[in-house]
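Everything on this sheet refers to the single structure shown next.
Index from 1, following the sequence.
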Amino acid sequence: MPRNVSLPSTVNDTAFRLLNEWQRDFPLEARPFALIANSVGSSEEAVIAAYRALRQQGLVSRVGAVFAPRRLGASALAALAAPPERLEEVAARVSREPSINHNYQREHRYNLWFVVTAASQAQLGEVVAAIERDTGCEVIVLPLEEEFHIDLGFDLKGPGVARTPRHEPIALGTGDAACALPTIERALITALQQGLEIEPQPFARLGARVGLSEAMTLELVARWVEEGLIRRFGVVVRHHELGLEANAMCVWDVPDDKVSELGRRLAGEAAVTLCYRRRRVVPEWPYNLFCMIHGSARDEVLAAREDLATRLGLDAHPHAVLFSCRRFKQTGARYLAASDAAHV
């Protein structure tokens, strides 16, 4: 068993494989758990029971899709500076929003960081305005401009070799592209956001919820994976519960003519779990290059950051390190609500 994760004693080697090996490339087949069972030398019933247990233990968030940012609607990273004595109150108000899927306290004057997803840019703006109105705290909104590495998977065996990063400039449009999807596809996406049911024929059950056959459901999901609308389909683990308890958002203010090159190099580092360019909000937030580093301890994360920053010359630019202090909310993104799917 790897040393850098801390799993309950009930998680044996087979369960570890179920956690680690199907974070990507989950079988898009009628009976996916039967195929996984064959791979690990077990039975379909045992694999289903194991995944249900892992979810009950909080090690698995869901089995399903991680959608590409800004392909369905609008999304942005946002932050506010809550008075320390009001932090829990403000965090609770932010977390109540269904469109907020991540909400963390970080070590900075801007101490509350959250991700907003919505069906459109207008709806995203309404969510932010409501938070500002109810909390009295100004929110800075940092849209994605370039994606270098966004996967949200974790190799539980520890960082491996450097990867070939994805470089995808993001078109800064209205964020309303999802409105062009047919009604039935929007309905299926809405259902899929919650993840698959862990049962023998999960795609049949998923399709039945929106009036689609199993075959058509599988065809649509496979097409979305091929087209990149779904970035990753598989087991979504909860990294904190798996022993990766330290994480830092590392940021730099890189000249615009250098940020793409440095971002691609940074994204190729095995220690980096996320890497992207975001729009600055000056003078409050001057940084445009972001990466996330996760580890089992603070010192491990700092050492990894120092190593890559030194080799890439990143700290020649203004920078900051924002460690996570508390997790107030962590769920899957909800781009579409049931009402959005019904009114197209």
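Two residues are said to be in side-chain contact when any heavy atoms from C-beta on lie closer than 4.5 Å; Val259 and Trp252 fail this criterion. Inter-residue side-chain proximity for Ile230 and Val221 is flagged as met; some heavy-atom pair is nearer than 4.5 Å. Side-chain contact between Phe67 and Thr117 is absent, with no heavy-atom pair separated by less than 4.5 Å. Looking at heavy atoms from C-beta onward, His108 lies out of side-chain contact with Met249 at the 4.5 angstrom threshold. Here the side chains of Ile198 and Val60 are not in contact, with every heavy-atom distance at 4.5 Å or above. Side-chain atoms of Val94 and Phe328, non-hydrogen and from C-beta on, never get closer than 4.5 Å to each other. With a 4.5 Å cut-off on side-chain heavy atoms, Val66 and Arg24 do not count as touching. A 4.5 Å side-chain heavy-atom check between Val301 and Val321 finds every atom pair outside the cut-off.
Inspection of the Asn111 and Arg326 side chains reveals no N or O donor paired with an N or O acceptor under 3.5 Å.
No salt bridge links Arg17 with Asp13; every basic N to acidic carboxylate O contact stays at or beyond 4.0 Å. Ionic pairing of Glu97 and Arg93 is present here: one or more N-O contacts between side-chain nitrogen and carboxylate oxygen are shorter than 4.0 angstrom.
The aromatic rings of Tyr110 and Trp285 lie perpendicular to each other, with more than 60° between the two planes, well past the 30° mark. Taking the six-membered ring where the residue is Trp, Tyr276 and Phe290 present tilted rings, their angle falling between 30° and 60°.
A donor-acceptor pair under 3.5 Å is formed between the side chain of Arg86 and the backbone N or O of Thr135. Side-chain N or O atoms of Arg280 include none that pairs as donor or acceptor with a backbone N or O of Pro283 at under 3.5 Å. Distance alone, capped at 3.5 Å, is enough to place a donor-acceptor pair between the Arg62 side chain and the Ala65 backbone. A donor-acceptor contact shorter than 3.5 Å is absent between the side chain of Ser99 and the backbone of Val116. Of the possible donor and acceptor atoms, one in the side chain of Asn288 sits under 3.5 Å from a partner among the backbone N and O of Val254. Panel note: side chain Glu132, backbone Val139; a donor-acceptor pair is recorded below 3.5 Å.
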For Phe26 and Phe33, run side-chain contact (heavy atoms from CB on, under 4.5 Å): C-alpha distance rounded to whole Å, both residues' side-chain angles, the deciding distance at 0.1 Å, then the answer. CA-CA 9 Å; Phe26 186 83; Phe33 298 109; 3.8 Å; yes
Would you please test Trp22 and Val40 for side-chain contact (heavy atoms from CB on, under 4.5 Å) and show each step? CA-CA 11 Å; Trp22 279 276; Val40 300; 3.8 Å; yes
Under 3.5 Å, which donor-acceptor pairs link side chains of residues 202-213 to any protein atom two or more places apart or in another chain?
from	atom 1	to	atom 2	distance (Å)
Arg205	NH1	Glu197	OE1	2.8
Arg205	NH2	Glu199	OE1	3.0
Ser213	OG	Met216	N	3.1

